[in-house]
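Notes follow the structure.
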Amino acid sequence: MKTHLKSCAIGAAVAAALLGATACEPSGSDGADQGKPSARPSATGATSTPATPGTPGTPSATNSSEPGGTASQKPSAAAPACTAADLGVSAVKEPADSKDARHLLITVQNTGDMTCDLYRYPLVRLGADARTTVPVIKDSDPDQGKPVTIAPGEEAYAALLVAGGHRDEYEAKSITLTLQGSKAGSKASTPIDVPMPVATLYADDGQLVTYWTTAEGMALDFIMSK
């Protein structure tokens with residue numbers, strides 16, 4: 001009987017020791033989670049400081065309306081069409097010592113205080129009895145339909161071939177030009193009198209004019225060989 005009780009006591013002691021050892025060891029899940037960052041953000045990490053307007057790299061409503069901000073960039077308005085009141089007009093022979101005055105250079109200077117645009121080419125009439133305006137040399141358009149912009153004090157040019165050696169020669173004692181408007185077929189001025197470089201021009205049906213340009217040499221190239 002004593003032997004039986006002693007065995008039971010030893011068995012109880014061994015069982016108690018095993019249970020205590022098991023309770024002291026970390027569980028499998030606890031060990032696996034150690035060393036991993038927590039999925040929950042800390043109070044400090046979760047709080048962001050509002051960006052101060054104007055801080056580099058931070059878009060803000062204030063920045064978008066300032067110069068250089070993309071949202072505020074708008075295309076600049078087109079300059080108004082030049083009118084007779086904006087321009088001084090002259091015409092000279094090319095070359096200056098020529099006797100027949102077949103080649104003329106028309107010059108307009110912006111005498112106003114605002115930039116303005118010249119559209120296409122001048123509508124020129126040679127003589128009071130001219131039945132139509134001078135035809136344009138289509139290949140002479142340097143800007144492919146864009147207006148020629150001249151600031152105050154700047155000049156633009158159109159070359160005029162008075163006679164192309166064809167038929168129907170007549171005397172012309174006046175030159176007028178009309179400025180075109182921004183829309184095709186519109187006009188920005190009434191006829192403007194151009195000072196005559198000589199008392200009388202001998203024009204014919206071969207007359208031609210170039211588009212406006214700021215390069216006088218380019219304009220003259222289109223007529224000097226004719």
Using a 3.5 Å distance criterion without hydrogens, assess whether the side chain of [X] forms a donor-acceptor pair with backbone atoms of [Y].
X: R125; Y: T176; answer: no
X: T133; Y: V124; answer: no
X: H103; Y: I223; answer: yes
X: R120; Y: D141; answer: no
X: T210; Y: A159; answer: yes

Test of understanding: clusters of I, L, V, M, F, W, Y form through side-chain heavy atoms closer than 4.5 Å, transitively. Do [X] and [Y] belong to the same one?
X: L177; Y: L161; value: no
X: M218; Y: V108; value: no
X: V209; Y: L87; value: yes
X: I137; Y: V162; value: no

Heavy-atom pair of closest approach, residues [X] and [Y]:
X: P152; Y: N110; value: N-ND2, 3.5 Å
X: S225; Y: D221; value: OG-O, 4.3 Å
X: T214; Y: E155; value: CG2-O, 3.9 Å
X: A172; Y: G127; value: CB-N, 3.7 Å
X: S174; Y: A128; value: OG-N, 3.5 Å

Original post:
Is the count of non-hydrogen atoms from other residues, nucleotides or ligands lying under 6.0 Å from M114 atom CE greater than 12?
Top reply: no
**OP:** Please check if atom CG in D113 has more than 12 non-hydrogen atoms from other residues, nucleotides or ligands closer than 6.0 Å.
**Re:** no
Let me confirm one number: the [atom1]-[atom2] distance from [X] to [Y], rounded to the nearest 0.5 Å.
X: D86; Y: T111; atom1: CG; atom2: OG1; answer: 7.0 Å
X: E216; Y: I106; atom1: CD; atom2: CD1; answer: 13.5 Å
X: S90; Y: L104; atom1: OG; atom2: CG; answer: 11.0 Å

Subject >> Qualifying residue, where the test is ring-ring contact (aromatic ring centres under 6.0 Å, His included) with Y211 and the options are Y119, Y121, F222 >> reply: Y121
**OP:** Kindly indicate, with the supporting measurements, whether the criterion side-chain contact (heavy atoms from CB on, under 4.5 Å) is fulfilled by T107 and V92.
**Re:** CA-CA 8 Å; T107 303; V92 295; 5.6 Å; no
**OP:** Before giving the answer on side-chain contact (heavy atoms from CB on, under 4.5 Å), spell out for C82 and I150 the whole-Å C-alpha distance, their side-chain angles and the decisive distance to 0.1 Å.
**Re:** CA-CA 9 Å; C82 297; I150 49 174; 4.1 Å; yes
Does the side chain of [X] reach to within under 4.5 Å of the side chain of [Y], using non-hydrogen atoms?
X: P197; Y: I175; answer: yes
X: D117; Y: S182; answer: no
X: M224; Y: P95; answer: yes

Please report, to 0.1 Å, the donor-acceptor pairs under 3.5 Å made by any side chain of residues 201-208, with sequence neighbours excluded.
unit_1, atom_1, unit_2, atom_2, d
D204, OD1, G164, N, 2.9
D204, OD1, G206, N, 2.8
D204, OD2, G164, N, 3.4
D204, OD2, G165, N, 3.0
D204, OD2, H166, N, 3.1
D205, OD1, R167, N, 3.0
Q207, NE2, Y170, OH, 3.4
Q207, NE2, D204, O, 2.7

**OP:** Apply the test side-chain contact (heavy atoms from CB on, under 4.5 Å) to residues L126 and L160: give CA-CA distance (whole Å), side-chain angles for both, the deciding distance (0.1 Å), then the verdict.
**Re:** CA-CA 10 Å; L126 293 175; L160 174 63; 3.8 Å; yes
Taking distance alone, no hydrogens or angles, what donor-acceptor pairs closer than 3.5 Å link side-chain atoms of residues 183-196 to residues at least two apart or in another chain?
unit_1, atom_1, unit_2, atom_2, d
S186, OG, K183, N, 3.3
S186, OG, K183, O, 2.5
S189, OG, L179, N, 3.0

